[in-house]
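Working notes, beginning with the structure itself.
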Amino acid sequence: MHKPQLSNHMRCRWQVFDAGWSNFGKMVVPVCLVLLALLLEGCTRPSVHEPVTLILLEEWSNKTFGEVRQQELQEFTRETGIRVNLLPSPESSQQKLALWKDLLGTGASGPDVYGVDVIWPRILSEYFIDLKPYFANEIPLQFPGLAESYTVDNKLVAMAYRSDIGLLFYRTDLLRRYGYREPPRTWDELQIMAARIQAGERAKGRKQFWGFVWQGAADEELTCNALEWQASEGGGRIIEEDKTISVNNPQAIRAWQRAARWVGSISPPSVVGYREWDSLNVWVAGDAAFMRNWPSAYVDSQAAGSPIRNEFDMALLPGGNGGRVGTLGGWGLAVSRFSAHPHEALELVRYLTRKDVQVNRSRVLSQPPTLAELYHLPEVLELNPRFVILNQAFLTGIVSRPSNVTGEKYQVVSDAYIRAVHSVLTAEKSAPEAAAALENELVRTTGFKTGPPPGKPAHLE
Ligand code: GLC
């Protein structure tokens, strides 16, 4: 059995992060910090004549992102006179959601604006105001279907500011060195290439080198990874659009089994504890041939001083019988209905989702915009030629987590899925056993019926 261990790469994450902000092992720390920040903020709440200070709580995905966000907030203050305090947040998705729920659940005026993961609108809808009336002109400019992901019962819970999709990062220099002209199109090709490159690099004495790194920690990122493995093999999306629980099927089981074989062979044993940052650290150190990650991983890979600068590229993830798909991720901004400054909070959301601000962010962070036209804008493409691939992926290669059909039960469903897949990766359970137990658990939790996943989408026939 593979036990998750803290690898050197994982340890080095804490050196990468500033001031240990992400080192929140337990929920109690962030909750206390946020409550303390709110208390202090409360003490300094302005009188009627003083400028308003908003509180923003969001994903805070990395140091560079945090710095760019601070610059954006300063610019917002210059434009509007409204100040903003950006609060830190825990790294884990589950911990973030728990913190958001705790704060919103008190009903007190805490943060005014919250970051909302694309899978959360149905879980948190009741706490936020409807943004639809305020963004009628902007909504049609977003990527097709994006506003829908943040809409619950005709209410726009959050305005998207960042689109995410799972991608394959690959080392162009190593592919060349080992005689490959293109990145792998199928998972089988990836396995073969990863094993060969890994063997070759190790033979040269690079004992730390791995073929493929990804996110196997028992948290939301595992749902994203495993969904890609199974959906691309025709194994469905756990619970389908028509509320059929489809997860217990041979294609999904085979996809999980294959990933379990990667652990300790082309992927490090500790990959079962890896989050996005852990895989990125291995990758940026030059110690992996392939990495699955979000587009945001580009910035650190291409940073000045990165050993792999200009030696990598991004492609669609490999696929199988079900095509090539990446999990849809992304974040929006929502206004708390308990905010004492809803007008100013709306201004902030408007600013952070505005076209020129997104253009700048795509240039300095390579962050995929949410406005469709920006994928064709020369000033964006000039610095991000890879947005062409992203555009294609967003239009044809997305698999969504079943957060729309499971509503507020999504987190329970995802947690059950994570436990099942993780138990297969760590060899605690066989894949058929884990899939059958998961199916029972999902029937109990949701009350939905079971059935096979749908056939291939028409465009893949
Ligand atoms: C990224 C995605 C988000 C996903 C999370 C999982 O932040 O944008 O949708 O839930 O990763 O770690």
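In this text the structure is predicted, and so the values were computed from the model without any measurement. Counting starts at 1 for both ligands and their atoms, following the listed order. One is the number of the first residue; the rest follow in order along the sequence. What's counted below: heavy atoms across the whole structure, side chains too, no hydrogens, waters or symmetry copies.
A donor-acceptor contact closer than 3.5 angstrom links the side chains of E228 and T327. Side-chain contact annotation: E428 with T426, donor-acceptor N/O pair under 3.5 Å present. A side-chain donor-acceptor contact under 3.5 Å links Q230 and W256. Under the 3.5 Å distance criterion, with hydrogens and angles disregarded, a donor-acceptor pair is assigned to the side chains of S414 and T223.
Under the side-chain hydrogen bond (donor to acceptor under 3.5 Å, both in side chains) test applied with Q215, the options E276, E221, R292, E220 reduce to a single match, R292.
For the pair G330 and ligand 1, the shortest N or O to N or O distance falls below 3.5 Å. An N or O contact shorter than 3.5 Å links D117 to ligand 1 by distance. The distance criterion of under 3.5 Å between nitrogen or oxygen atoms is met by W331 with respect to ligand 1.
L227 places a side-chain heavy atom less than 4.5 Å from the side chain of R237.
Protein heavy atom at the shortest distance from atom 2 (C) of ligand 1 is D164 OD2, 3.3 Å.
The atoms of ligand 1 that sit less than 4.0 Å from any heavy atom of R401 are 3 (C), 4 (C), 9 (O), 10 (O). The E220 neighbourhood of ligand 1 comprises atoms 10 (O), with distances under 4.0 Å to a heavy atom of that residue. Residue contact check: E276 has heavy atoms under 4.0 Å from atoms 6 (C), 11 (O), 12 (O) of ligand 1. Interface of W294 with ligand 1, defined as ligand atoms under 4.0 Å from a residue heavy atom, comprises 1 (C), 2 (C), 11 (O).
Because its NZ or CZ atom is both nearer than 6.0 Å to the ring centre of Y161 and within 45° of the ring axis, R69 counts as a cation-pi partner of that residue.
The shortest heavy-atom distance from Q215 to ligand 1 is not under 4.0 Å.
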